[in-house]
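Step one of this worksheet: look at the structure below.
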Amino acid sequence: MCETITKGARMAAVRVERESGLTWIVLDRPRKANSLTAEMLESVRDNVRAATTPALAITGTGRVFSGGADLPAARAGLAASPLWEEVSSAVANFPGLTVAALNGSCAGGALGMVLACDCRVAVPGATFFYPVMKHGFLPPPSDPVRLSALINAGRAKMMLMCGAKVSTEEACAWGLVDRVVEDARAAATALAADVLAGPEGHGATLKALFPR
């Protein structure tokens with residue numbers, strides 16, 4: 001059973017659902033490739049911080065996970081906003097399991113919340129890129145660090161400095177994506193199954209054993 005728990009026009013582009021003990025943060029602006037506004041980032045941040053379930057997953061509506069920052073908003077100052085770092089920090093600090101269920105391509109600052117997740121699954125045909133160089137933007141400080149930890153510094157520089165576009169299959173070979181799946185939402189639910197079925201608080205205890 002899936003329960004939608006987010007209400008209000010301000011959060012209309014971000015849905016929050018609870019399904020069998022798993023909190024879902026759903027980017028829901030498909031006509032704009034789920035490109036992120038300040039209001040959407042605030043909603044993601046606040047709802048991640050408020051989540052109390054043992055596991056949390058982030059996905060998008062439609063065929064794209066997120067095109068990154070809404071470009072007019074980015075040019076108006078959103079690109080340099082602390083909200084990007086606040087969102088990724090909220091995801092990284094969530095005590096339970098976090099899964100990025102990538103239903104399609106992911107670009108730019110949207111990668112921050114993906115990198116901060118514990119696990120990442122993605123559908124075939126998706127593309128990953130971070131075009132900060134050509135737009136003259138800087139990524140949030142934690143993004144290059146997390147990206148380098150996953151795929152090594154050289155590959156991270158290829159994405160950030162050279163604008164390299166990476167396919168799902170290449171992303172999986174590099175370690176940016178952990179598994180290529182046909183149904184990202186179903187795969188994320190399956191990954192969370194043991195955490196949801198385990199003793200209360202055990203997932204958080206186990207996660208705390210890993211380096212941050």
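Nearest approach of Val121 to Ala187, heavy atoms of both residues: CG2-CB, 4.2 Å. When every heavy atom of Thr61 is checked against every heavy atom of Asp28, the shortest pair comes out as OG1-OD1, 3.2 Å. Residues Val114 and Cys106 share a closest heavy-atom pair of CG2-SG, 4.0 Å. When every heavy atom of Ala192 is checked against every heavy atom of Ala55, the shortest pair comes out as CB-CB, 4.0 Å. Residue Cys117 comes nearest to Ala100 through the heavy atom pair SG-N, 3.8 Å, listed as atom of the first residue, atom of the second, then distance. The heavy-atom pair separating Asn34 from Ser66 by the smallest distance is O-OG, 2.8 Å.
Remark: Asp194 CG is loosely packed, at most 12 non-hydrogen atoms of other residues, nucleotides or ligands lying under 6.0 Å away. Within 6.0 Å of the CZ atom in Arg63, the count of heavy atoms belonging to other residues, nucleotides or ligands does not exceed 12.
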Would you mind writing out the side-chain donor-acceptor pairs for residues 172-179 within the sub-3.5 Å range, not counting sequence neighbours?
| from | atom 1 | to | atom 2 | distance (Å) |
| --- | --- | --- | --- | --- |
| Asp178 | OD2 | Arg120 | N | 2.8 |

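With sequence neighbours excluded, no residue satisfies salt bridge (Lys or Arg N to Asp or Glu O under 4.0 Å) with Glu85. For Lys207, the salt bridge (Lys or Arg N to Asp or Glu O under 4.0 Å) partners two or more places apart in sequence, or in a different chain, are Asp118. Take Ser35 and apply the side-chain hydrogen bond (donor to acceptor under 3.5 Å, both in side chains) test, not counting sequence neighbours, and it matches Arg29.
Note: Leu22 CG to Glu19 CD = 7.0 Å, rounded to the nearest 0.5 Å. Here Leu36 contributes atom CG and Leu83 contributes atom CG; the two are 10.5 Å apart, rounded to the nearest 0.5 Å. Atom OG1 of residue Thr98 and atom CG of residue Leu191 lie 11.0 Å apart, to the nearest 0.5 angstrom. From Met133, atom CE reaches atom CG of Leu138 across 9.0 Å, with rounding to the nearest 0.5 Å.
Looking only at side-chain heavy atoms (C-beta outward), Arg49 and Asn93 stay at 4.5 Å or farther from each other. Using a 4.5 Å heavy-atom threshold, the side chains of Leu147 and Leu111 count as separate. Val123 has its side chain out of reach of Leu102: every pair of non-hydrogen atoms, C-beta onward, lies at least 4.5 Å apart. Residues Thr127 and Ser105 are in side-chain contact: their nearest non-hydrogen atoms beyond the backbone lie under 4.5 Å apart. Using a 4.5 Å cut-off on side-chain heavy atoms (C-beta onward), Pro141 and Asp143 make no contact. With a 4.5 Å cut-off on side-chain heavy atoms, Arg185 and Asn103 do not count as touching. Side-chain atoms of Thr23 and Val16, non-hydrogen and from C-beta on, do get closer than 4.5 Å to each other. For the pair Val14/Ile25, a side-chain contact is recorded, criterion being any heavy-atom separation below 4.5 Å from C-beta on.
A side-chain contact (heavy atoms from CB on, under 4.5 Å) with Val44 is found for one member of Val48, Leu41, Asp46 and no other, namely Val48.
Val87 and Leu97 end up in different hydrophobic clusters when Ile, Leu, Val, Met, Phe, Trp and Tyr side chains are linked at under 4.5 Å. Tracing side-chain contacts under 4.5 Å through hydrophobic residues (I, L, V, M, F, W, Y), one reaches Ile151 starting from Val132; they form part of the same cluster.
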Next item on the list: Would you check, one step at a time, whether the test salt bridge (Lys or Arg N to Asp or Glu O under 4.0 Å) holds for Glu170 with Arg155?
Entry: CA-CA 11 Å; Glu170 190 173 25; Arg155 289 167 175 167; over 6 Å; no
Next item on the list: With side chain to side chain contact (heavy atoms under 4.5 Å, CB included) as the test, would you mind laying out the steps for Ile58 and Val91 before giving the verdict?
Entry: CA-CA 10 Å; Ile58 306 174; Val91 175; 4.0 Å; yes
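The list of ring-ring contact (aromatic ring centres under 6.0 Å, His included) pairs with a residue in residues 106-141, not counting sequence neighbours, reads His135-Phe137. Residue pairs that meet the ring-ring contact (aromatic ring centres under 6.0 Å, His included) test with at least one member in residues 59-97, sequence neighbours left out, do not exist here.
Side-chain contact, Asn47 with Ser43: a donor N or O sits under 3.5 Å from an acceptor N or O.
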